[in-house]
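Bear in mind the structure is a predicted one, so any value in this text is a computation, not a measurement.
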Amino acid sequence: MGLGIAHVISSVAKLDVTLVDANQLQIDRGFKFLDILLSKDALKGKITDEEKHLAMGRVQMNTEIESLTDVDFVIEAVSENIDVKRDVFSQLDKFTPENAILATNTSSISITAVASSIKNPEKVIGMHFMNPVPIMKLVEIIPGLCTSVETLSETILLAKAMGKTTTQSSDMPGFIANRILMPYINEAGIATREHIDTTMKLGTNVPMGPLTLADFIGLDTCLAIMKVLHSQLGDSKYRPAPLLQQYVDAGWLGKKSGRGFYDYEERK
């Protein structure tokens, strides 16, 4: 998701951005893929060839978090794991300017808990981007307990510069989107996948059914969010469905792995 965020910052907000990943192979792949994405935008007439060239020129890539010594705003987009996020934020606290805003792209984890790992928790905020970032218009903004008004205002301004519509959630497990969405997906196991998805598409006028949506999100991500909801809220209604756990254990993570509730290898 970090690549999608960098894409929108460089192309839509027209700001310089440094994409950091510890894996050089991922960096190389990311730069090539960004070029492909921007080329597609140019072919579709969304941007000109010159704008594509300028957008690519705004993007730098690095494997070292120490490269972020002169940034104004950081958006962390590591895996949905509180310990991993805290470790990243403790490193950011060492190398980024004291006045830099540190945002975590999380779909369920407490912003206040993440902020507790740094010296200036008032500079920490949540930005929940929807995937794929260049297409989805929404960003949920989540202030933590210590987030300052200035941090919130600057974050909203950045999201709007990226062409996004923002909503604001309190710092509660799942925020708005996933507090509603994940139990809906978790309960979708009472008929065949086709009947479940068709019922919700035609019966409630949503663009895709819950099981197709879960495959696009990633079943491992869905499971991680359900575990956060269950552990933080303590209500049995948030207990992850055994089938969801079983699919993740099998490596059936959805579209990204080739198989989830649906088999995407068969569709090729």
Side-chain angles (χ1 to χ4, degrees), residues 1-2 4 76-86 88 104-111 113-114 126-133 135-136 138-140 142 167 169-268:
M1 185 172 283
E76 161 272 310
V78 299
S79 59
E80 195 74 350
N81 181 299
I82 181 64
D83 293 328
V84 175
K85 287 183 180 290
R86 278 177 168 162
V88 170
T104 175
N105 174 43
T106 176
S107 52
S108 62
I109 291 174
S110 167
I111 309 307
V114 173
M127 294 183 80
H128 178 203
F129 288 86
M130 309 295 157
N131 202 25
V133 179
I135 295 173
M136 302 296 282
L138 180 70
V139 176
E140 279 186 302
I142 311 99
T167 56
S169 172
S170 57
D171 187 17
M172 292 294 160
F175 316 132
I176 299 170
N178 284 324
R179 186 70 170 267
I180 297 168
L181 176 63
M182 288 302 151
Y184 160 69
I185 289 173
N186 198 52
E187 290 289 341
I190 53 176
T192 67
R193 61 192 181 186
E194 291 84 4
H195 285 184
I196 291 168
D197 280 355
T198 299
T199 295
M200 297 312 296
K201 284 171 64 180
L202 301 184
T204 63
N205 200 31
V206 293
M208 66 176 69
L211 301 186
T212 299
L213 179 58
D215 275 356
F216 273 84
I217 293 170
L219 303 191
D220 53 337
T221 300
C222 294
L223 179 62
I225 295 168
M226 287 306 302
K227 285 182 175 180
V228 169
L229 293 175
H230 188 223
S231 65
Q232 296 297 311
L233 298 172
D235 194 318
S236 61
K237 71 181 180 181
Y238 297 115
R239 184 183 297 119
L243 184 63
L244 180 59
Q245 180 71 65
Q246 188 177 38
Y247 275 31
V248 173
D249 289 344
W252 297 1
L253 308 183
K255 198 168 188 301
K256 63 186 175 183
S257 68
R259 184 167 185 175
F261 288 108
Y262 292 89
D263 190 337
Y264 297 91
E265 296 299 327
E266 289 181 354
R267 299 183 180 189
K268 289 183 178 179

Looking at A113, is its backbone amide N or carbonyl O close enough to the side chain of R86 to form a donor-acceptor pair, meaning the two atoms are under 3.5 Å apart?
yes
Within the 3.5 Å criterion, strictly below it, is a donor on E140 or T167 matched to an acceptor on the partner's side chain?
no
Backbone of A241 reached by a side-chain donor or acceptor of N186 within 3.5 Å
yes
Restricting to non-hydrogen atoms, name the atom on M208 and the atom on F216 that form the minimum distance, rounded to 0.1 Å.
SD-CD1, 4.3 Å
Could you verify whether a donor N or O on one side chain and an acceptor N or O on the other, from T221 and E80, lie under 3.5 Å apart?
no
Taking atom CE of M1 as the centre, report whether more than 12 heavy atoms of other residues, nucleotides or ligands fall under 6.0 Å from it.
yes
Taking atom OG of S257 and atom OH of Y264, what is their separation to the nearest 0.5 Å?
9.0 Å
Tell me, do R193 and D215 make a side-chain contact under 4.5 Å, heavy atoms counted?
no
Spatial distance of atom CH2 (W252) from atom CG (L244) [nearest 0.5 Å]
13.0 Å
If you compare all heavy atoms of L138 against all heavy atoms of M130, which two are closest, and at what distance to 0.1 Å?
O-CG, 3.5 Å
Under a plain distance cut-off of 3.5 Å, with no hydrogens placed, do N178 and S108 share a side-chain donor-acceptor pair?
no
Is the shortest side-chain heavy-atom distance between Q245 and M226 below 4.5 Å?
no
Closest approach of P210 to I196 (non-hydrogen atoms, all atoms of both residues):
CG-CG2, 3.7 Å
Does any non-hydrogen side-chain atom of L223 lie less than 4.5 Å from one of Y247?
no
Any idea which heavy atoms bring K201 and P207 closest together, and the distance?
CE-O, 3.9 Å
Closest heavy-atom pair, K85 versus N105, reported as atoms and distance to 0.1 Å, is NZ-O, 3.3 Å
Take atom CG of N205 as the centre, draw a 6.0 Å sphere, and report whether it contains more than 12 heavy atoms from other residues, nucleotides or ligands.
no
How far apart are the closest heavy atoms of I82 and V114, and which atoms are they?
CD1-CG2, 3.7 Å
Evaluate the side-chain proximity of F175 to S107: yes if any heavy-atom separation is below 4.5 Å, no if none is.
no
Separation of I190 CD1 from H195 NE2 (nearest 0.5 Å):
12.5 Å
What distance do T212 atom OG1 and K255 atom NZ have between them, rounded to the nearest 0.5 Å?
11.0 Å
Check whether any side-chain N or O of K256 sits under 3.5 Å from a backbone N or O of I217 as a donor-acceptor pair, and report yes or no.
no
Under the criterion side-chain contact (heavy atoms from CB on, under 4.5 Å), I'd like the reasoning laid out for L233 against R179: C-alpha separation, chi angles, the key distance, then a yes or no.
CA-CA 11 Å; L233 298 172; R179 186 70 170 267; 3.5 Å; yes
Measure the spacing between NZ of K227 and CG of N81 and express it to the nearest 0.5 Å.
10.5 Å
Atom CD1 in I111, atom CG in D171: separation rounded to 0.5 Å?
5.5 Å
